[in-house]
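In what follows, a structure is listed as structure tokens, so that the remarks can point back to it.
Just so you know, these numbers use all the heavy atoms, side chains as well, and skip hydrogens, waters and symmetry mates. So you know, we letter chains A, B, ... as the sequences are listed, proteins then strands, and number each from 1.
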Amino acid sequence: MIAGPLQLLAPDGTVPAGEAVDAYADYRMDAAQLLAAYRFMVSARAADEWAFSLHRQGRLHTYAPSTGQEANSVGSIMALRQDDWFVQSYRELGGLMARGVPLSNYFLYWLGYEAGNDNEVDEFHLMPVAIPIASQLPHAVGLAQAERYLGTDRLAIGFIGDGGTSEGDFHEAMNFAGVWKAPVIIFVQNNQYAISLPRSRQTASNTIAEKAGAYGMRGVQVDGNDVTAVFAATAEAAEIVRSGGLPTLIEGVTYRVAAHTTSDDPNRYREIDEVAAWKNRDPIVRLQKLLRSRGLASEEELQASIEEARQHARDEFDRVEASAAPALEEGFQHLYAELPPLLQAQLSERRRLQERTGK
Amino acid sequence: MIAGPLQLLAPDGTVPAGEAVDAYADYRMDAAQLLAAYRFMVSARAADEWAFSLHRQGRLHTYAPSTGQEANSVGSIMALRQDDWFVQSYRELGGLMARGVPLSNYFLYWLGYEAGNDNEVDEFHLMPVAIPIASQLPHAVGLAQAERYLGTDRLAIGFIGDGGTSEGDFHEAMNFAGVWKAPVIIFVQNNQYAISLPRSRQTASNTIAEKAGAYGMRGVQVDGNDVTAVFAATAEAAEIVRSGGLPTLIEGVTYRVAAHTTSDDPNRYREIDEVAAWKNRDPIVRLQKLLRSRGLASEEELQASIEEARQHARDEFDRVEASAAPALEEGFQHLYAELPPLLQAQLSERRRLQERTGK
Amino acid sequence: MSAANLVTSVNAGLAVALESDERVVMYGQDIGRNGGVFQATAGLQERFGERRVFDVPLAESGIVGTAIGMAVAGLRPVVEMQFSGFVYPAFNQIVSHVARLRNRTRGSMSLPMVIRMPYGGAVRALEHHSESMEAIFAHVPGLKVVIPSTPHDAKGLLLAAVRDPDPVIFMEPKRLYHSPQQEIPEGDYELPLGQARVVQEGDAVTVIGYGGQMRDIRAAAAHLKRQDIAIEVIDLRTIYPFDQETVVESVRKTGRLLVVHEGPRSFGVGAEIVSFATEEAFMYLDAPPRRLTGTDTIIPLPASEHFYFMQPEHIVDAVLELIET
Amino acid sequence: MSAANLVTSVNAGLAVALESDERVVMYGQDIGRNGGVFQATAGLQERFGERRVFDVPLAESGIVGTAIGMAVAGLRPVVEMQFSGFVYPAFNQIVSHVARLRNRTRGSMSLPMVIRMPYGGAVRALEHHSESMEAIFAHVPGLKVVIPSTPHDAKGLLLAAVRDPDPVIFMEPKRLYHSPQQEIPEGDYELPLGQARVVQEGDAVTVIGYGGQMRDIRAAAAHLKRQDIAIEVIDLRTIYPFDQETVVESVRKTGRLLVVHEGPRSFGVGAEIVSFATEEAFMYLDAPPRRLTGTDTIIPLPASEHFYFMQPEHIVDAVLELIET
Ligand SMILES: Cc1ncc(C[n+]2csc(CCOP(=O)(O)OP(=O)(O)O)c2C)c(N)n1
Ligand SMILES: Cc1ncc(C[n+]2csc(CCOP(=O)(O)OP(=O)(O)O)c2C)c(N)n1
Ligand SMILES: [Mg+2]
Ligand SMILES: [Mg+2]
């Protein structure tokens, strides 16, 4: 199934030879980048695993894991500039790590606080988590086109899942991008499932990448479990769109090895063998092999990174959990720049109810 | 621009030779069909021209003409069975004539009566005029899929304009069609404009037909001013989809030689030369040439058909205009199968207001 | 009779619908093998086959739009929106076509279809998963909007909705999906749309609610009863067209009105009920009517969502205040 | 001062907005060379260039969705929906994002954007071209909904909307586009959002309206004046958040309330106004409030649309009836 996609690092940790690989010679990750990618990926994995266990402990309600998909958003975000717009869906934890977003905010969001989306715009150029599927893509196109209007050379990257490509907003965003030749990259995390619906029943096209043609865009399919391929494809696309070339759709072929969210039981709709096969293609294990074979990190160092990430995840969650405290006013504070009298009255009434009933 | 599309009858009335033409040998229109197509096209043209003049006389408010586009819907509807579902937008007057829909109903609609959409379903298998752009296409796909469920071999054809391909509903309909392999034909009347927006700025794909690939559908581009090519492409597509093959997108390349509607002034946004060039490709004139050269009709007969169509249009309009009478109750009568008490009360109140004020 | 909670009663109703009419088909996201994210369709695909119960691509407008075509062709589609917060992409299909096809064709076409969706909050769900925007559907001419609050009502109203000749928006209060079980008839039964249910008779105050907040209203009623205050509790069940007669009769009797719901206050369901009752029972009103509803704010994420919903204590307090005036 | 009708005043307001702020961009369908189907943007592309005023593909969700991105990046997009009947494909973007981005990001992002659209009927337009569904926007927390009824208000409110830090749904009554001209200030002026305007003072009945029906209300008021009946006429101008103070003060003064609008009755704007006024001015009311509105039917096609709208005669009749009770 994944014979076609661009691969610069094989599952066994070797670097394949050939024309495709040579073509991407300019977009190779250097040692520091490979080590950084590893750190981001293990940070994401550790936070994910901890979140799952927190859910079991009853400390976190619903949670959507990115486990197994870390290479897609880590590789692509690392290939971009810090001031390029990052338009996430909800499975880009790795990318958030690469962008430097505090894990505490991420946990805060999943703990159920809007404040988790309050990331300094000028520092992170990050849009908040987007849950209504595909609705975030037009935002990415608008951000990109606005930057062109403003005369900067910033681009925007918008993430979406394979299922999301069926929504009308995917289409409208792609079409606007094509017509405007907007400096935008649409990154489809094809993890083979939309909750229970397999990719093959989501759309009848052979690949998702080829949908780009319908919009006069470039389309590229990459092995989404190969962080170096994702990096290279994104770096190339960034160069192209930044210089006024065709906007690009990147399909990162990967797999959702965990459940859709903690509320979901994937055993209802897929075979355990399939999952096992994909676990063998784990993007972190693959990168470890490369780091080891290149002598960039020892086994101890690789493990130490993991331990450190785990500790960090625990500490951050504890800190956030202890400090977060909901307040009745919150729902009113940021609805408008200034609270209109009508809502002031509602807030007073709600406070009065609280005073009278203690609820 | 229209070098690529399938053409079986050149603008000069000759039948080109070549592989493409041979490939469609099985889908040639016979003499009776050619004569019928001519009748339908001149009927549509006559009604259109009369409607325009009625507008100038103040007898018709807004009107959307199909002039110059008659071959698309006449050719395609003629290639289908009477019980195949016909899902129109608002520029398929020729197709309505081919289906046998009374012109009186068409005029009734444009005169502002819902009754104009009250066409016997079992006779015409026709959905009402659809104005919210692209929203009708999912209906076509649903109709087609339901017929498969019911075990019939009916198909559905859904019409849309070039502009309509930008809407999310176009995408969702195409994607459902592809996934279901539904017995449906999506017919895009590419008349080069969506009101003032030229096709080139509507989407960055080279053709509209190629968008089919993104959905695992077949895509075919035809000369939409060549009724024989439209017929052939549709007949072929019908054979394919009826027997479980790929659903097909047909792009009929044509031109909106008149205004978008009577409310619009196309001189604001396009050059007169362009219009003139396309008038030379008139689908009716082209068919006349063929009918003459084949000896299927004399000049007199050709003109007589036109005269007859004109007279019919006038008569039908006069008849409808004289008999139609709006009534206050109409808005309530068909909202639900049974009028709920809440609405009965509103109707009584409205009647009471009328009694008290005469308005 | 058999015991069911609200979600199993929906499931039972869907099974009866499929069983009793070959024209009924069901589709949506994850309703097949997965049985729906709330298991409302659990086992239906297994029992009735992929032909009758199936999953489709992730596209709400496509789902509703194709269902329109299916209904015209003679089927009776029952489609699911995974959450009411995700119905908006289908809004154009609903407003421009679902609500209008009969009117537009002077009755020569009709749309016997049901759009089901879990709605409302208080289950600590994610952003966009707790919406309660029934008022916008209730404002669209040509739709019927039904919201059950008990297992018994859920099954009976759902079956009536599926057999109704007109389209029905059927909103299921997800916070009551796993509410205590109730004995419901095993087989086929319908409850008429457009009829409210008087849950408890009383003369102190008329308290009108529906769906998700009914449990809180009933709790408040029980609490007040222990204080010898008998409120009249009305469960609207159908939001549009609502049961004007039952509303106005009750308000005329009690002279006091409280409306409770979780959607935003302004331009919400309570506005219509209060407005209508005032117009029709003005001379009988002893106190200004009151709305106890969600505020005009966005339902907060889970950590703060409890501030958004009305609790039994709030209802008791409002009733007592109303009685005092 | 210069003479303008409503559509030329919108045009003038848009020109000032473009002139005074480089961040303002405008786009939509046919607004460029064509100048908009009502000529509301006539000449703006010529004057400000294709960079600032441009046409985009036929996709409402794409238009609103990209505008969100533009606003986040620092622009102030003013986008047009060609008719309010075609805003529904963008409904998800409006409800799920436009209304929420500020709240969701705790104010670290805001959306200074305007979504303009002609709304309402009575111009014998095609199907779907006469919608008056402002109530559904007014029910969505996080939006502001503004509807002018005079040239003077249109320009001033539009400029305030463009400069507002929050998103505004700006609905223009197309039946008044070519209403009689009014003298309006030439240059730059803003009128505050959220403030109603007392069009005529009076003590007989409070008549509240907005947008398309204001002309009819004024005609009724003039007619009644000749009979020595002075009604108080209020033009809401902002539907959400509406001017509660002006409404309640007037109702307390007159003791009688009539709300007039063209959207459907049930769950409409009138429901909120009547409900709010009843709650807050109950003791002052001398008669049941009344709504004179569109019925819960789909606006008929042109031949019958006149049955749908309220005429001055209807308003006069309702006022006289209210006075009698
Ligand atoms: C508009 C909309 N419809 C439905 C949902 C419910 N839902 C949440 S995630 C999901 C599947 C998404 O699949 P995909 O796009 O492949 O992303 P993935 O979760 O696999 O990363 C669905 C149906 C939603 N969030 N938004
Ligand atoms: C959803 C929607 N948006 C906008 C409009 C207004 N409108 C009517 S026709 C039209 C252009 C349609 O162009 P195209 O699809 O090419 O069809 P054509 O009119 O050329 O046949 C527009 C924008 C509409 N009817 N529906
Ligand atoms: Mg997926
Ligand atoms: Mg066109």
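You'll find the side chain of P128(A) reaches within 4.5 Å of the side chain of M109(D), heavy atoms only. Annotation: side chain of Q93(D) is in contact with side chain of S135(A) (closest heavy-atom distance under 4.5 Å). Counting only heavy atoms from C-beta outward, the side chains of H334(A) and S108(D) never approach each other to under 4.5 Å.
Closest of all the heavy-atom pairs between E172(A) and G62(D) is OE1-N, 2.6 Å. Heavy atoms only, all atoms of each residue included: A146(A) and L75(D) are closest at CB-CD1, 3.6 Å. When all heavy atoms of G142(A) and M70(D) are compared, the closest pair comes out as O-CG, 3.4 Å. The two residues N103(D) and G331(A) have their closest heavy-atom pair at OD1-O, 3.8 Å. Considering all non-hydrogen atoms of both residues, P57(D) and N175(A) come closest at CB-ND2, 3.6 Å. The shortest non-hydrogen separation linking F176(A) to A59(D) is CE1-CB, 3.9 Å.
At a 4.5 Å heavy-atom cutoff, V64(D) makes no contact with chain A through either its backbone or its side chain. L339(A) does not touch chain D: none of its heavy atoms, backbone or side chain, sits under 4.5 Å away. In this structure, the portions of E330(A) lying under 4.5 Å from any heavy atom of chain D include both its backbone and its side chain. No part of F276(D) comes within reach of chain A, as not one of its non-hydrogen atoms sits under 4.5 angstrom from that chain. In this structure, the portion of L343(A) lying under 4.5 Å from any heavy atom of chain D is its side chain and not its backbone. Only the side chain of P165(D) comes within less than 4.5 Å of a heavy atom of chain A; its backbone N, CA, C and O stay farther away. Using a 4.5 Å cut-off between heavy atoms, A173(A) does not touch chain D at all. Interface remark: L58(D) contributes no atoms to any contact with chain A (heavy atom separation under 4.5 Å). Contacts between V87(A) and chain D at a heavy-atom distance below 4.5 Å are absent for every atom of the residue.
Rounding to the nearest 0.5 angstrom, the gap separating the CD atom in E114(A) from the CZ atom in R102(D) is 14.5 Å. Here CG of L143(D) is found 9.0 Å from CG of L335(A). Values are rounded to the nearest 0.5 Å. For the atom pair L126(A) CG and T105(D) OG1, the distance stands at 10.5 Å (nearest 0.5 Å). Rounding to the nearest 0.5 angstrom, the gap separating the CG atom in D166(D) from the OH atom in Y336(A) is 7.5 Å. Atom CZ of R100(D) sits about 12.5 Å away from atom CG of N117(A), to the nearest 0.5 Å. Residue Q145(A) holds its CD atom at 6.5 Å from CZ of F54(D), rounded to the nearest 0.5 Å.
Taking E245(D), R104(D), Q244(D) one by one and counting their heavy-atom pairs under 4.5 Å with chain A, the maximum is reached by R104(D). Looking only at heavy-atom pairs under 4.5 Å with chain A, the residue among A99(D), G142(D), P241(D) that has the most is G142(D). Most heavy-atom pairs under 4.5 Å with chain D, from the set V121(A), V141(A), I131(A): that is V121(A).
The main-chain N or O of Y149(A) is found under 3.5 Å from a side-chain atom of R51(D) such that the two form a donor-acceptor pair. A donor-acceptor contact shorter than 3.5 Å is absent between the side chain of Q333(A) and the backbone of R106(D).
Within 6.0 Å of atom CD in E329(A), more than 12 heavy atoms from other residues, nucleotides or ligands are found, so the atom counts as buried in its surroundings. Q344(A) CD: more than 12 foreign heavy atoms inside a 6.0 Å radius. For F48(D), the CZ atom sits in a packed shell: over 12 heavy atoms of surrounding residues, nucleotides or ligands are nearer than 6.0 Å. Residue E210(A) qualifies as enclosed at atom CD: its count of foreign heavy atoms under 6.0 Å is above 12.
Side-chain polar atoms of S61(D) and D169(A) form a donor-acceptor pair below 3.5 angstrom.
With V72(D) as the fixed residue, the side-chain contact (heavy atoms from CB on, under 4.5 Å) test singles out one of H139(A), H125(A), M127(A): M127(A).
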